[in-house]
Trainee: 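One structure coming up, written as structure tokens, with questions to follow.
Chain identifiers are assigned alphabetically (A, B, ...) following the order of the sequence lines, protein sequences preceding nucleic acid strands; residue numbering begins at 1 within each chain.
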2 protein chains.
Amino acid sequence: MNSFYIEHPRFFVSVDCLVFGFANGQLNLLLSKRKMEPAQGTWSLPGGFIEENESAEAAAERVLSNLTGLENIYMEQLKMFSQPGRDPGERVLSVAFYALIDLGQEALEIKPSYQAYWFNINKLPDLIFDHPEMVDFALKTLRHTVSTKPVSFNLLPEKFTLPQMQTLFEAIYDRPLDKRNFRKKIQSMPFLVKLNEKDKLSSRKGAFLYTFDNMKYEKARQNGFCFNL
Amino acid sequence: MNSFYIEHPRFFVSVDCLVFGFANGQLNLLLSKRKMEPAQGTWSLPGGFIEENESAEAAAERVLSNLTGLENIYMEQLKMFSQPGRDPGERVLSVAFYALIDLGQEALEIKPSYQAYWFNINKLPDLIFDHPEMVDFALKTLRHTVSTKPVSFNLLPEKFTLPQMQTLFEAIYDRPLDKRNFRKKIQSMPFLVKLNEKDKLSSRKGAFLYTFDNMKYEKARQNGFCFNL
DNA sequence: TCAAAAGTGTTAAGTTTACACCCATGA
DNA sequence: TCATGGGTGTAAACTTAACACTTTTGA
């Protein structure tokens, strides 16, 4: 290993994860009780340090799979936060990621050491450092991204109903949507497959189940189709 | 200074700047000859290491003002690039930024030590490391951002003509636009001020000059106006 | 007087919005 | 049988896209 860069400082670099989950018509964010000083015991985004030979993406995946037991979670980098003094203990740069997971029926197995819990996005407790800023940034990005790419399906179970999906969008945008216009638009998308099954959990009549067909989406995209909701 | 995090590795963190400039109907990117090993003498994005007590944003501003002599350049963070091995010399994490500058008439004073030059965006030389990936990412982001926020004015002189602006958008999108539709849309925006002056440099008839009025834009935005081109 | 770039309007197609009732079911 | 949530269509307003000629001027 050479040392051309030796005169420059080195930094701790962490990742912080904004994990969104949708359940019972509510958009939720996963928070954990901080295990280390400073600010031990207060609420924060789950995170961890980047290790040698690990990309920021890999670190975020590691943190998330430790936390949730899940692999292959949808995840995107948001931004690096690097203000000196953002962590009063030490100089730490942090890369924020957001992740979308379906926390449908099976209660997510959270590793107990993490003391992580779901909070409704509108009822978050106080967070340490610049984590509130990260939440704002993530929410803005999420709102933009779900209207632009078919990522909202990561927040839904494999099979979902249109009322479920509309509720999800209403939770993300934090405003009601017109049912007929929403359904018209969604159903005009060339990748939604209507199944011959109904979900009867939330009404007597039952709502038809749908799935997202990624192959169809990719094909449509290659032919110039542009998702926008 | 405490040491709660001491067991974790520290990293060199650099910034790389994607500096876009518009001149003579061409969209250009600023590249510099690399001053240090590895790959000394090959083309790369201008960059530098983050120093103690400096945010990534401040480092990028420092690099840019050293390079161009300009302050208050429009700049946005793009993304952190952190693959192990992206810099074969040492483990370096890098935060990419893009900047937009007007390189209108007054030839930009580039500090000679940097050996930096403008390259047409479609005729870039080979770049080191993952810099080509950064260029792709920046271009995509630029295309999206100019259609969504009034940032294109940073690439134009204070006073500009509509043909100039259309050429700029054609250079960014790399496709021709319909003159009448473009002008109609631009002129419907509530922040463009038509001056009583003409620029006669590019035609005998002369084209009217306009400026961007940021106050008007902010006022319109507060009233729900949404830029989109 | 003419070459070269600036400027101008209309129509058709598509998209978005607003809006109210019937349907299927199990308790 | 009725309460509950699921499902459906249309018309008006607005936005986008396509398209060709006139104006101004200096050389």
Side-chain angles (χ1 to χ4, degrees), chain A residues 22-26 143-144 146-148 156-157 159-171 173 175-190 192-211 220 223-229, chain B residues 22-26 143-144 146-148 156-157 159-171 173 175-190 192-211 220 223-229:
Chain A
F22 179 66
N24 308 123
Q26 309 253 309
R143 284 181 181 141
H144 182 256
V146 294
S147 80
T148 274
L156 293 168
K159 299 174 180 182
F160 54 87
T161 67
L162 296 189
Q164 244 180 324
M165 192 169 173
Q166 182 175 344
T167 311
L168 168 60
F169 274 81
E170 290 176 332
Y173 293 143
R175 69 184 164 87
L177 299 174
D178 181 274
K179 184 166 51 158
R180 278 181 286 189
N181 293 338
F182 181 82
R183 296 173 70 98
K184 202 190 312 171
K185 201 151 184 188
I186 288 286
Q187 285 174 294
S188 77
M189 303 259 162
L192 207 69
V193 180
K194 183 176 182 173
L195 304 175
N196 248 330
E197 286 175 74
K198 279 188 164 187
D199 171 17
K200 295 212 157 192
L201 293 175
S202 63
S203 77
R204 310 194 200 287
K205 184 179 178 181
F208 277 103
L209 287 162
Y210 290 75
T211 55
N223 295 326
F225 169 77
C226 218
F227 184 95
N228 112 297
L229 234 162
Chain B
F22 178 65
N24 310 121
Q26 310 252 309
R143 284 182 182 141
H144 182 257
V146 294
S147 80
T148 272
L156 293 168
K159 299 174 182 182
F160 54 87
T161 67
L162 296 189
Q164 244 179 324
M165 191 169 173
Q166 182 175 344
T167 310
L168 169 60
F169 274 82
E170 290 176 332
Y173 292 144
R175 69 184 164 87
L177 299 173
D178 181 274
K179 184 167 51 157
R180 279 180 286 188
N181 292 337
F182 181 82
R183 297 172 70 99
K184 204 188 313 170
K185 199 152 186 189
I186 288 287
Q187 285 174 295
S188 77
M189 304 257 162
L192 207 68
V193 180
K194 183 175 181 173
L195 304 175
N196 249 331
E197 286 174 75
K198 280 189 165 185
D199 171 15
K200 295 213 157 190
L201 292 176
S202 62
S203 76
R204 309 194 202 287
K205 185 179 179 181
F208 277 103
L209 287 162
Y210 289 76
T211 56
N223 294 327
F225 168 77
C226 217
F227 184 95
N228 112 296
L229 234 161

Trainee: Which nucleotide span of DNA chain D, 5' end to 3' end, has atoms closer than 4.0 Å to non-hydrogen atoms of chain A?
Mentor: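 On DNA chain D, the outermost contacted nucleotides are D:dA3 to D:dT10.
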
Trainee: In this structure, how many angstroms lie between the C1' atom of C:dT8 and the NZ atom of B:Lys194, rounded?
Mentor: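 For the pair B:Lys194 NZ and C:dT8 C1', the rounded distance is 11 Å.
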
Trainee: Whole-Å distance between C:dT16 C1' and A:Phe182 CZ?
Mentor: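 One finds 15 Å between C1' of C:dT16 and CZ of A:Phe182, rounded.
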
Trainee: If you compare all heavy atoms of A:Met165 against all heavy atoms of A:Leu156, which two are closest, and at what distance to 0.1 Å?
Mentor: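 Shortest heavy-atom contact: CG-CD1, 3.9 Å.
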
Trainee: Do you know which two heavy atoms are closest between A:Met189 and A:Asn228, and how far apart they sit?
Mentor: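 Distance-wise, the nearest heavy atoms are CE-O, 3.6 Å.
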
Trainee: Measure the distance from CG on A:Leu177 to P on C:dT16 and round it to the nearest whole Å.
Mentor: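 Spelled out: CG on A:Leu177 to P on C:dT16 is 14 Å.
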
Trainee: Any chance you could measure B:Phe208, atom CZ, to B:Asp199, atom CG, to the nearest 0.5 Å?
Mentor: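 Rounded to the nearest 0.5 Å, the CZ-CG separation comes out at 12.0 Å.
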
Trainee: Measure across A:Leu162 and A:Gln187 and return the closest heavy-atom pair with its distance rounded to 0.1 Å.
Mentor: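 It is CD1-CD, 3.8 Å.
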
Trainee: Applying salt bridge (charged side-chain N to carboxylate O under 4.0 Å, His left out), name anything that partners A:Lys194, two or more places apart in sequence or on another chain.
Mentor: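 Salt bridge (charged side-chain N to carboxylate O under 4.0 Å, His left out) check on A:Lys194 returns nothing, list empty.
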
Trainee: Identify the two heavy atoms, one from A:Phe169 and one from A:Leu229, that lie closest to each other, and give their separation to 0.1 Å.
Mentor: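 Residues A:Phe169 and A:Leu229, closest heavy atoms: CZ-CD1, 3.6 Å.
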
Trainee: Quick one: pull up OG1 in B:Thr148 and CZ in B:Phe227 and give me the separation to the nearest 0.5 Å.
Mentor: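 Taking OG1 in B:Thr148 and CZ in B:Phe227, the distance rounds to 8.0 Å.
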
Trainee: Roughly, in whole Å, what's the span from CG in B:Leu209 to P in C:dG7?
Mentor: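 Rounded to whole Å, this separation is 10 Å.
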
Trainee: Tell me the closest heavy-atom pair linking B:Pro163 and B:Arg183, and the distance in Å.
Mentor: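 In terms of heavy atoms, the two residues are closest at CD-NH1, 4.0 Å.
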
Trainee: With the sugar-phosphate defined as primed atoms, P, OP1 and OP2, and the base as all remaining atoms, what B/S/- string results for nucleotides 17-27 of chain C, 5' to 3', for protein heavy atoms under 4.0 Å?
Mentor: BBBB--BBBBS

